[in-house]
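Some notes on the structure that comes next.
Numbers restart at 1 for each chain; the letters A, B, ... are given by sequence-line order, proteins then strands. Small disclaimer: the values here were computed from a predicted structure and weren't measured.
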Amino acid sequence: MRIATWNVNSLNVRLPHVLQWLQQAAPDVLCLQELKLEDHKFPRAELEAAGYQVAFTGQKTYNGVAILSRQPLEDIQYNLPNLPDEQRRLVAATVGGLRIVCGYFPNGQALGSEKYPYKLGWLNALHDWLQGELQRYPALALLGDYNIAPADLDVHDPKAWEGQVLVSPPEREAYQRLLALGLTDAYRHLQPDTEKAFTWWDYRMNGFRRNLGLRIDHILLSAPALDKLTACDIDREPRTWERPSDHTPVWAELQA
DNA sequence: ATGGCCGAGCGCCTCGGA
């Protein structure tokens, strides 16, 4: 079973990219973030024609998440039940016994911004909700755009980024608290030392060509899911396509 | 050189992203 995550930065613009990647990467499950469209504009017919069932929750202009799956999606949940919030940032469903949680974590904007405590609060609510979720679903994968680079190894220029949003100690501590629930970073589990392995590059400054990026999109696995992990990688190819998202897909292969 | 790029919105500038 191949599972994947991709922040598409507008599904309106990126639907052709998504269809192309579904065809060539053939994931069983693909989690999408930053749909930037309302539910009535979700391209359900096109994705179903490609062989995928869909669960999604969106809003105009901002946020929005979806799970695409070849197998049926069961027990679908929208948003964090313990956090009243207008922002559409989470959808979860069970696929073949594996609990899939798709999240678009808040960016935080800047440490002095009111969006920063919102981010930390969201992370805290996610943590608390996951505790119960892991009890109900021991085999669980948390995929998405975390907007956190867990370690300096995940940052192209740690000195320039030091103390900024996406790498600040409180965010990294919140990320570590997720790991403390029994989750493991699939990519780092298999590639503990790989440098300059990024999932996002700024549109500006020729960021991608110069590989000035961050690793902020992740797949975290609970122990029963980690036992089945055989491969995990970042697919940089879609970032080379015409009019790309600033993020590129991350995928993991789990034994059946 | 602290900017540069994108996408969306009732657009011709602003906001948010990361």
Under 4.0 angstrom, heavy atoms only, what part of the nucleic acid is A:Phe198 near: base, sugar-phosphate, or nothing?
nothing

Whole-Å distance between B:dG17 P and A:Gln109 CD?
6 Å

Closer to the 5' end of DNA chain B via nearest nucleotide, is it A:Phe105 or A:Tyr203?
A:Tyr203

If only atom types and distance count, is the side chain of A:His17 paired as donor or acceptor with the main-chain N or O of A:Arg243 below 3.5 Å?
yes

Roughly, in whole Å, what's the span from CZ in A:Arg204 to P in B:dC6?
11 Å

Along DNA chain B (nearest heavy atom to each residue), the more 5'-positioned of A:Asn9 and A:Gly108:
A:Asn9

A:Asn63 has an atom CG; how far is it from atom P of B:dC15, in whole Å?
18 Å

Between B:dG3 and B:dG17, how many Å separate the two C1' atoms, rounded to a whole number?
16 Å

A:His247 side chain, from C-beta outward: closest of B:dA18, B:dC5, B:dG7:
B:dA18

Could you measure the distance from the CG atom of A:Asn107 to the CD1 atom of A:Ile148? Nearest 0.5 Å is fine.
10.5 Å

Could you tell me the separation between the CG atom of A:Asp145 and the C1' atom of B:dG16, rounded to a whole number of Å?
13 Å

Heavy atoms only, 4.0 Å cut-off, all strands: where does A:Asn7 land among base, sugar-phosphate and nothing?
sugar-phosphate

C1' atoms of B:dC6 and B:dG11, separation to the nearest Å:
15 Å

Determine the interplanar angle of the A:Trp122 and A:Phe105 rings, folded into 0 to 90°, and report it as parallel if under 30°, tilted if 30 to 60°, perpendicular if over 60°.
tilted

Specify whether A:His247 and A:Trp200 have parallel, tilted or perpendicular ring planes, treating 30° as the upper limit for parallel and 60° as the lower limit for perpendicular.
tilted

Tell me the interatomic distance from A:Gln87, atom CD, to B:dC15, atom C1', rounded to whole angstroms.
14 Å

CZ/A:Arg14 to CH2/A:Trp6 distance, rounded to the nearest 0.5 angstrom?
8.0 Å

Separation between CG of A:Asp185 and NE2 of A:His218, rounded to the nearest 0.5 Å:
6.5 Å

Integer angstrom distance from the C1' of B:dC15 to that of B:dC10
16 Å

What interatomic distance, in whole Å, is found between P of B:dA1 and the corresponding atom of B:dG16?
29 Å

Protein-nucleotide distance (A:Tyr62, atom OH; B:dA18, atom P), rounded to Å
12 Å

Under 4.0 Å, counting only non-hydrogen atoms across every strand here, what does A:Asn12 touch: a base, just sugar-phosphate, or nothing?
sugar-phosphate

Given atom CD of A:Glu34 and atom P of B:dC6, what is their separation to the nearest angstrom?
15 Å

Drop me the distance from A:Trp251's CH2 to A:Tyr187's OH, to the nearest 0.5 angstrom.
11.0 Å

Take the protein atom CD of A:Glu242 and the nucleotide atom C1' of B:dC5, then report the distance between them rounded to whole Å.
15 Å

Report all interatomic pairs (protein N or O, nucleotide N or O of nucleotides 9-14 of chain B) with separations under 3.5 Å.
none

Say we look at B:dT2 and B:dC12: how far apart would their C1' atoms be, to the nearest angstrom?
27 Å

Could you check which of B:dG16, B:dA18, B:dG7 has an atom nearest any side-chain atom of A:Lys115?
B:dG16

Pair of N/O donor and acceptor under 3.5 Å linking B:dA18 base with A:Asn107 side chain
yes

With A:Glu237, which residues qualify under side chain to side chain donor-acceptor pair (under 3.5 Å), at least two apart?
A:Gln24, A:Trp241

